[in-house]
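A short write-up of the structure that comes next.
Start at 1 and go down the list; that is how both ligands and their atoms are numbered. Starting from 1, each residue takes its place in the sequence as its number. Predicted model, so just to flag it, every value in this text is computed and none were measured.
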Amino acid sequence: MTGAHGESSGLARPDIIEQWLATLRRWGYEGVRTGAVGPVVADDLAAAGFVAVQDLALLSCDLTSQPAVPRDRAIVRVRTHSARRESLIAAALTVDSRSFGQGWALDRPALQEARAATRRAQLMVSLSDGGQPSGFVLAGATSGRGFVQRLAVDPDRRRTGTATRLLGQAHTWLAARGCSTSVVNTETSNTAALALYRSFGYAPLPYGLRVLERPLGDR
Ligand SMILES: CC(C)(COP(=O)(O)OP(=O)(O)OC[C@H]1O[C@@H](n2cnc3c(N)ncnc32)[C@H](O)[C@@H]1OP(=O)(O)O)[C@@H](O)C(=O)NCCC(=O)NCCS
């Protein structure tokens, strides 16, 4: 459902949605979960039997007024040909799993999908004083628009400014790629993330997003 997170993006006709569900059933899936979708798509899917499982605030901030942050040696950019690439990706996935829990954590294909969702993307991993990975951010840029696709700090290392440093580096990376704005979404109940984003000047857009699910066994 490419583009389904737009404010007024609609979805295919109900019979097409039914075809998608039939295909997933044929492939052996027992249930389906959407990505984050906009309000019109959410209504279309609710009419097709989907139920909302996450309400997300969609926030945006102006990057042009933020000063560039100097490079932080304790935040490593994961490069295509780096020898540490595999271990840094594995570390980011571990932090993700410890942060979002079973059922919501990214696996490797999902991380790859998130990276491919924007024209350019950069995964950055923060290292603690002892050199252990402590958190990560995935930033993406498409046509002058920036996105913070994922951000997490290991539960044992929170509240020490790690996310603030990661976000500062992500914004600097986005601004250097010509992005004038950055957009992020987070659960409306995620007070920690909302306070963090507010401190960077993020403000809510007039609409939010939803993640919906539907079992597939009942038709
Ligand atoms: C949200 C998260 C990334 C914050 O990471 P962190 O490294 O602890 O954040 P920082 O130490 O940089 O905190 C910066 C500010 O954010 C806010 N904040 C962070 N954690 C908070 C909490 N538990 N409650 C309230 N405010 C919080 C505060 O304003 C804080 O500033 P302060 O410490 O001076 O009061 C982390 O809690 C996390 O990984 N959560 C799970 C995954 C997640 O929600 N990711 C982001 C949404 S998709």
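When distances from atom 16 (O) of ligand 1 to the protein are checked, a heavy atom turns up under 4.0 Å.
Residue contacts with ligand 1: T164 is placed with a nitrogen or oxygen under 3.5 Å of a nitrogen or oxygen of the ligand (distance criterion only). Considering backbone and side-chain N/O of L151, one or more are found under 3.5 Å from N/O of ligand 1. Between T160 and ligand 1, a contact under 3.5 Å exists for at least one N or O pair.
Listed by number with element, the atoms of ligand 1 under 4.0 angstrom from any heavy atom of Y197 are 46 (C), 47 (C). Counting the atoms of ligand 1 from 1 in the order shown, those under 4.0 Å from a heavy atom of A193 are 1 (C), 46 (C), 47 (C). The atoms of ligand 1 that sit less than 4.0 Å from any heavy atom of T162 are 7 (O), 12 (O).
Going from atom CG of L93 over to atom CZ of R98 covers 14.0 Å, rounded to the nearest 0.5 Å. Taking OG1 of T162 as the reference point, atom CG of D154 lies at 9.5 Å (rounded to 0.5 Å).
No part of W104 comes within 4.0 Å of ligand 1, judged by heavy-atom distances. Contact annotation: for T186 versus ligand 1, heavy atoms closer than 4.0 Å belong to the side chain alone. At a heavy-atom distance under 4.0 Å, only side-chain atoms of N190, from C-beta outward, approach ligand 1.
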Which donor-acceptor pairs under 3.5 Å do side chains of residues 107-114 form with protein atoms, sequence neighbours excluded?
{"residue": "D107", "atom": "OD1", "partner": "A110", "partner atom": "N", "Å": "3.0"}
{"residue": "R108", "atom": "NH1", "partner": "E86", "partner atom": "OE1", "Å": "3.2"}
{"residue": "R108", "atom": "NH2", "partner": "E86", "partner atom": "OE1", "Å": "2.9"}
{"residue": "R108", "atom": "NH2", "partner": "E86", "partner atom": "OE2", "Å": "3.4"}

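Considering each of S126, A163, G101, the one bringing a non-hydrogen atom nearest atom 2 (C) of ligand 1 is A163. Among R98, R159, R165, the residue whose heavy atom sits closest to atom 19 (C) of ligand 1 is R159. The residue among A195, S99, G161 with a heavy atom at the shortest distance from atom 11 (O) of ligand 1 is G161.
Side-chain contact of R177 with T172: a donor-acceptor pair under 3.5 Å is absent, judged by distance alone. A side-chain donor from one of S134 and S126 sits under 3.5 Å from a side-chain acceptor of the other.
The protein atom (non-hydrogen) at minimum distance from atom 39 (O) of ligand 1 is V153 N, 2.9 Å. The single protein non-hydrogen atom nearest to atom 41 (C) of ligand 1 is R158 NH2, 3.5 Å, given as residue, atom name and distance. Nearest protein heavy-atom neighbour of atom 23 (N) of ligand 1: A192 CB, 3.6 Å. Shortest contact from atom 42 (C) of ligand 1 to any protein heavy atom: F100 CZ, 3.5 Å.
Under the 4.5 Å side-chain criterion, counting only non-hydrogen atoms from C-beta, L174 is in contact with L63. No side-chain heavy atom of F200 sits under 4.5 Å from any side-chain heavy atom of V148. With a 4.5 Å cut-off on side-chain heavy atoms, E30 and P215 do not count as touching.
Residues V41 and F50 share a hydrophobic cluster, clusters being chains of Ile/Leu/Val/Met/Phe/Trp/Tyr side chains in contact below 4.5 Å.
Between T186 and L194, the closest heavy-atom pair is CG2-CD2, 3.6 Å.
In this structure, H171 has its ring center under 6.0 Å from that of Y202.
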